[in-house]
Undergrad: 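What follows is a structure written as structure tokens; I'll ask about it next.
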Amino acid sequence: MRGWLKLTIGLVVVSGLLVGADRIAVGVAEDEAADQLVRSGRLTQRPQVSIEGFPFLTQVLSMKLDDVRLSAEDLVVGDGRQQVALHSFKARLSGVEVSDSFNSATVAQGSGDGLITYADLAKLLPEASKLVPGAGKVIPGGTRLSLSYGRPGKVKASLGPVAVGEGAVHSDGSTVTADGFQLSGVAAMLNGVTNQAIGPMSFTLNNLPAGLKLAGAVPQPDGLRLTFTGTALKLIG
């Protein structure tokens, strides 16, 4: 019995050491991956990286990570003219094949999402004077529509204190468009403007995070929620 007790204690100690070594190794790998993502330009801010699954060391031996999670705040996205913040970005990457030094990585499949506030969203849209035909002499240059949540699939727009109406939001590739706005009562205020509709408002995002592609844009009370997806991604290197 005494021999079995010593053996059991020995196995427990060895197992604890192995688990500890595994957790230390995964922590080092997560830090290195976060640094590499910034250096590679795939993310504009250093993310939190979480490599899921246990044990980690067996995944390293196979050079393939089953499940990697990314999260970051205030990533920079834009249309080449104006840059805005992408808040609360989160992504899940599956089938991540890595090199032994973590200086290259490819992803079989990825998905994610993040939020652009309505104040930032307005910065990506054309000036109000360019959206309303004939209104250039009435609306000062640089004036932009204010945007807010309308209802599912819709955003509300206003010009100062005057409500413009609701428009539908949809995406095509990396381009997000809001259209269907009607000037209604604002037309009377805009002397001589007879066209009651505001033209479609669009912007095209570039430099999307982690090499993902835009999959959709959904209005929410706190901003426009962007969803991302991608396959066969080159994440690092």
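No experiment lies behind these values; they were computed from the predicted model shown.
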Undergrad: Is there a side-chain contact between L147 and L125 in this structure, where contact means two heavy atoms from C-beta onward sitting under 4.5 Å apart?
TA: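 They are in side-chain contact.
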Undergrad: Taking T204 for the side chain and S174 for the main chain, is one N or O donor matched with an acceptor at less than 3.5 Å?
TA: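 A pair under 3.5 Å: no.
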Undergrad: Are D67 and R69 close enough for a salt bridge, meaning some N to O gap below 4.0 Å?
TA: yes
Undergrad: Please give me the minimum heavy-atom distance between L70 and A210, naming the atom from each residue.
TA: CD1-CB, 4.4 Å
Undergrad: For E73 and S88, indicate whether the former's side chain and the latter's backbone hold a donor-acceptor pair under 3.5 Å.
TA: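 Checking the backbone N and O of S88 against the side chain of E73, a donor-acceptor pair under 3.5 Å is found.
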Undergrad: Would you please say whether a donor-acceptor pair under 3.5 Å links the side chains of D179 and H170?
TA: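 Yes, because at least one side-chain N or O of D179 sits under 3.5 Å from a partner of the opposite role on H170.
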Undergrad: Which atoms form the tightest heavy-atom contact between P209 and F89, and what is the distance?
TA: CG-CE1, 3.5 Å
Undergrad: Tell me whether the count of non-hydrogen atoms from other residues, nucleotides or ligands lying under 6.0 Å of CG in N206 goes above 12.
TA: yes
Undergrad: Show the nearest heavy-atom pair for residues L212 and G230, with the distance to one decimal.
TA: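 Taking L212 first and G230 second, the nearest heavy atoms are CD2-N, 3.9 Å.
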Undergrad: Please say whether more than 12 non-hydrogen atoms of neighbouring residues, nucleotides or ligands are located less than 6.0 Å from NZ in K90.
TA: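 Atom NZ in K90 is not crowded, with 12 or fewer foreign heavy atoms closer than 6.0 Å.
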Undergrad: Between the side chain of T44 and the main-chain N/O of V76, is any donor-acceptor distance below 3.5 Å?
TA: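 Here the side-chain-to-backbone pair exists.
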Undergrad: Yes or no on side chain to side chain contact (heavy atoms under 4.5 Å, CB included) for L86 and L208, after CA distance, side-chain angles and deciding distance?
TA: CA-CA 10 Å; L86 180 69; L208 295 179; over 6 Å; no
Undergrad: Find the distance between OG (S40) and NZ (K234) and round it off to the nearest 0.5 Å.
TA: 10.0 Å
Undergrad: Would you say the side-chain atoms of R92 pair up with the backbone N or O of Q109, donor to acceptor, closer than 3.5 Å?
TA: no
Undergrad: Could you tell me whether a side-chain N or O of D172 sits under 3.5 Å from a main-chain N or O of T175, the two making a donor and an acceptor?
TA: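 No.
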Undergrad: Report the C-alpha separation of L205 and D79 in whole Å, then their side-chain angles, then the decisive distance to 0.1 Å, and conclude whether the side chain to side chain contact (heavy atoms under 4.5 Å, CB included) test is met.
TA: CA-CA 5 Å; L205 294 173; D79 59 1; 5.5 Å; no
Undergrad: For D222 and Y149, what are the C-alpha separation, side-chain angles and deciding distance, and is it a side chain to side chain contact (heavy atoms under 4.5 Å, CB included)?
TA: CA-CA 8 Å; D222 51 352; Y149 179 70; over 6 Å; no
Undergrad: Dump the intermediate steps for side chain to side chain contact (heavy atoms under 4.5 Å, CB included) on V98 and L65, then the final yes or no.
TA: CA-CA 8 Å; V98 299; L65 308 177; 4.2 Å; yes
Undergrad: Considering all heavy atoms of both residues, which atom of N207 and which atom of G41 are nearest to each other, and what is their separation?
TA: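 That would be OD1-O, 4.0 Å.
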Undergrad: Nearest 0.5 Å please: distance from the CZ atom of F203 over to the OG1 atom of T177.
TA: 8.5 Å
Undergrad: Please tabulate, one pair per line, all N/O donor-acceptor pairs under 3.5 Å involving side-chain atoms of residues 46-56, not counting sequence neighbours.
TA:
| unit_1 | atom_1 | unit_2 | atom_2 | d |
| --- | --- | --- | --- | --- |
| R46 | NE | D35 | OD1 | 2.7 |
| R46 | NH2 | D31 | O | 3.2 |
| R46 | NH2 | D35 | OD1 | 3.3 |
| S50 | OG | E52 | OE2 | 2.5 |

Undergrad: Quick one: closest heavy-atom pair of A217 and S171, and the distance?
TA: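 The pair with the smallest heavy-atom distance is N-OG, 4.0 Å.
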Undergrad: Which pair of heavy atoms, one from D120 and one from V84, lies closest together, and at what distance?
TA: O-CG1, 3.6 Å
Undergrad: Report yes if the side chains of D113 and R225 come closer than 4.5 Å at any heavy-atom pair, otherwise no.
TA: yes
